[in-house]
Amino acid sequence: MKKYFNLFDLSQKVNYKTEVLSGLTVAMALVPEAVAFALIAGLSPLTGLYAAFVMGLITSIFGGRPGMISGATGAVAVVIVSLVVSHGVEYVFATVILAGIIQLAAGFLRLGKFMRLVPHPVIFGFVNGLAIIIFMSQLDQFKDASGHWLTGPSLYILLGFVLLTMLIIWGLPKITKAIPAALTAILVVFGIVAIFGIDTKTVGDIASIQGGFPPFHLPSVPFTLETLTIIFPYAAIVAGVGLIESLLTLNIVDEITETRGRGNKEAVAQGTANILSGLFSGMGGCAMIGQSLINVSSGARARLSGIVAAVMLLVFIMFGAGLVEKLPMAALTGLMIMVSIGTFEWASLRTFNKMPKSDIFVMVMVTLVTVFLHNLALAVLVGVIIAALVFAWDNAKRIRARKSIDANGVKHYEIYGPLFFGSVSAFNEKFDVANDPDEVIIDFAESRVVDMSAIEALNKITERYQKVGKKLHLKHLSPDCKQLLQNADQLIDVNVMEDPTYKVAVDTI
């Protein structure tokens with residue numbers, strides 16, 4: 001159990017100043033995000049803020065990726081909004097707890113390793129889609145309460161402070177990295193607004209964040225099978241979306257920091273955090289790519305920054321709500337726009353003429369699904385399926401057969417390429433049963449029999465030769481494939497010759 005619950009890597013040197021300042025910056029950025037996601041789900045702002053505190057604290061302590069930030073997210077909000085409407089907030093708490101249990105099981109069963117099946121074009125598309133979503137979500141700040149676009153002085157003031165924030169975040173690191181540029185930008189804009197009394201939109205205009213310590217609360221739902229049937233579909237989707245977004249964010253932070261996180265440990269931490277979030281009146285959540293990038297771009301690399309962010313968020317809720325509610329939204333909007341610019345994989349645009357067309361199609365498709373459906377799990381699933389089908393198609397075209405007749409009049413078919421469900425059709429077309437001699441050998445030394453579709457193909461070709469009274473031998477089949485043939489002896493009857501010792505991937509059955 002130590003591999004899941006060791007808290008700190010004491011061999012890592014921690015820059016305490018950077019970690020604390022980065023955590024403070026993240027805490028400020030978490031406030032409007034958590035409030036916005038709670039409102040999207042039809043919940044009170046404190047439900048999102050409590051989730052951000054609990055998720056952030058637990059995953060920072062126990063998670064598999066130091067420096068990664070978790071909290072209430074839009075992906076979870078979109079999933080649970082219909083449950084809120086139909087059954088109310090108590091069922092949301094129960095759903096979040098069940099989702100956490102599912103994530104715990106996934107972590108202990110070490111299912112995080114399946115993230116290696118996600119191709120790079122899918123990750124590019126996922127990241128680009130998230131960057132676009134982050135940018136588009138900031139456009140709401142340029143609208144008034146009735147949803148109309150701002151005009152006149154209010155627009156110019158907001159736009160000016162947004163551009164000033166972006167300029168500071170872009171330019172300050174070129175001068176000094178002693179303090180985080182994002183925090184400096186927020187404080188500068190806040191100072192200008194406070195000193196000159198400028199009227200502009202603030203955090204308090206969205207909602208009040210005043211509250212106490214998250215109250216412990218068992219969900220007030222009937223503990224019956226009917227309740228389980230209601231919440232389980234939502235819990236399964238929340239768990240899946242949360243794990244996919246968290247593990248993909250972990251991979252992205254890994255690339256930026258040139259270190260390696262631990263996916264299974266992160267899954268356990270996410271599950272624990274969601275369970276506690278549901279018990280402490282939170283809406284649940286997962287890793288947040290925007291806040292994670294704010295954190296690592298500010299120089300944070302250890303767990304301390306996430307802990308500071310979570311604790312400061314609670315301090316804001318309990319003691320500093322009046323001050324935090326005065327923060328100009330323009331500063332936070334400029335910060336998130338810079339995050340979206342930094343999140344977008346601009347290098348992916350330069351690969352359009354270099355990458356295979358299938359990879360480009362996968363990347364664009366994942367981006368579009370992410371942007372228009374806001375369903376990150378579906379976007380990744382679509383990308384993986386398309387990439388798998390393309391891979392299967394490409395390998396199906398690679399199967400070849402070299403034909404020859406030896407001195408004894410025996411015809412040899414030397415098969416090259418994998419024999420699996422995608423290539424069986426092309427495999428069957430290689431044989432000239434009617435004109436072949438009475439004895440035929442199919443040599444699999446350079447091939448690989450992959451699945452039951454391949455075994456069935458051998459059955460079919462055997463039947464074709466038997467119908468015309470010709471003898472067929474299979475050569476260089478692996479022991480496990482021979483075992484399959486023996487198990488299917490009621491279906492197939494061929495002579496098997498000597499074999500090498502390579503293993504066949506029959507686990508796809």
Side-chain angles (χ1 to χ4, degrees), residues 26-60 69-85 88-97 99-100 133-134 137-138 140-141 202-217 219 234-235 238 241-242 245-246 249 270 273-292 294 306 309-318 320-321 324-325 327 329 332-333 335-336 374 376:
V26 170
M28 292 181 182
L30 276 172
V31 173
E33 292 281 294
V35 170
F37 293 144
L39 295 177
I40 288 173
L43 300 169
S44 70
L46 283 177
T47 307
L49 291 168
Y50 288 154
F53 163 67
V54 175
M55 295 293 302
L57 182 63
I58 299 302
T59 56
S60 293
I69 304 297
S70 295
T73 59
V76 172
V78 171
V79 173
I80 63 175
V81 62
S82 60
L83 180 63
V84 175
V85 174
V89 66
E90 296 296 331
Y91 279 79
V92 171
F93 296 149
T95 298
V96 170
I97 293 172
I133 288 176
I134 292 172
S137 66
Q138 303 312 307
D140 290 337
Q141 304 306 325
T202 64
V203 172
D205 294 330
I206 299 176
S208 173
I209 67 168
Q210 180 68 47
F213 190 86
F216 179 82
H217 173 70
Y234 291 98
V238 168
V241 169
E245 187 166 356
S246 297
T249 302
Q270 291 287 333
N274 271 307
I275 292 172
L276 292 175
S277 177
L279 291 173
F280 283 89
S281 307
M283 61 178 281
C286 58
M288 309 179 75
I289 188 171
Q291 277 65 26
S292 298
I294 291 174
V311 171
M312 289 306 301
L313 181 62
L314 182 62
V315 170
F316 293 160
I317 295 170
M318 297 180 65
V324 174
E325 288 172 6
L327 286 177
M329 283 304 303
L332 300 175
T333 299
L335 170 60
M336 294 309 296
H374 288 215
L376 306 181

When rounded to the nearest 0.5 angstrom, what distance separates OH in Tyr234 from CG in Leu83? 5.0 Å
Please list, chain by chain and in numerical order, all residues satisfying side-chain hydrogen bond (donor to acceptor under 3.5 Å, both in side chains) with Ser292, sequence neighbours excluded. none
To check you understand the geometry: which heavy-atom pair defines the closest contact between Ala29 and Pro32, and what is its length? O-CD, 3.5 Å
How many angstroms lie between atom CD of Gln291 and atom CE of Met336, to the nearest 0.5 angstrom? 5.0 Å
Distance, nearest 0.5 Å, that separates CE of Met55 from OG1 of Thr73: 8.0 Å
Go through the steps for Leu30 and Met288 under the test side-chain contact (heavy atoms from CB on, under 4.5 Å), then give the verdict. CA-CA 10 Å; Leu30 276 172; Met288 309 179 75; 3.5 Å; yes
Output yes when a side-chain donor or acceptor of Ser246 lies under 3.5 Å from a complementary backbone atom of Ala287, and no otherwise. yes
Search all heavy atoms of Val54 against all heavy atoms of Ser277 and return the closest pair with its distance. CG1-N, 3.6 Å
Min side-chain heavy-atom separation Glu90-His217 under 4.5 Å: yes
Which pair of heavy atoms, one from Gln270 and one from Ser70, lies closest together, and at what distance? NE2-OG, 3.0 Å
Report the distance from atom CG of Leu279 to atom CG of Asn274, rounding to the nearest 0.5 Å. 11.0 Å
Closest non-hydrogen atom pair between Ala72 and Gly48, with its separation: CB-O, 3.7 Å
Got a second to check how far Phe280's CZ is from Ile58's CD1, nearest 0.5 Å? 9.0 Å
Close side-chain approach of Met283 and Ile80, heavy atoms under 4.5 Å: yes
Of the non-hydrogen atoms in Met318 and Gln210, which two are nearest, and what is the gap between them? O-NE2, 3.6 Å
In terms of side-chain heavy atoms, does Ser208 have a donor or acceptor partner in Glu325 at a distance below 3.5 Å? yes
Keeping Ser281 on the side-chain end and Pro215 on the backbone end, is there a donor-acceptor pair under 3.5 Å? yes
Using a 4.5 Å cut-off on heavy atoms from C-beta on, say whether the side chain of Thr202 contacts that of Met329. no
Beyond-backbone contact of Tyr91 with Pro219, side-chain heavy atoms, under 4.5 angstrom: no
Considering non-hydrogen atoms only, spot the tightest contact between Gly278 and Ile97 and give its length. CA-CG1, 3.8 Å
Leu49 side chain near Val35 side chain, heavy-atom distance below 4.5 Å: yes
So CZ of Phe93 and CD1 of Ile275: to nearest 0.5 Å the spacing works out to 15.5 Å
With sequence neighbours excluded, residues passing side chain to side chain contact (heavy atoms under 4.5 Å, CB included) with Val324: Val31, Ile209, Phe316, Leu327
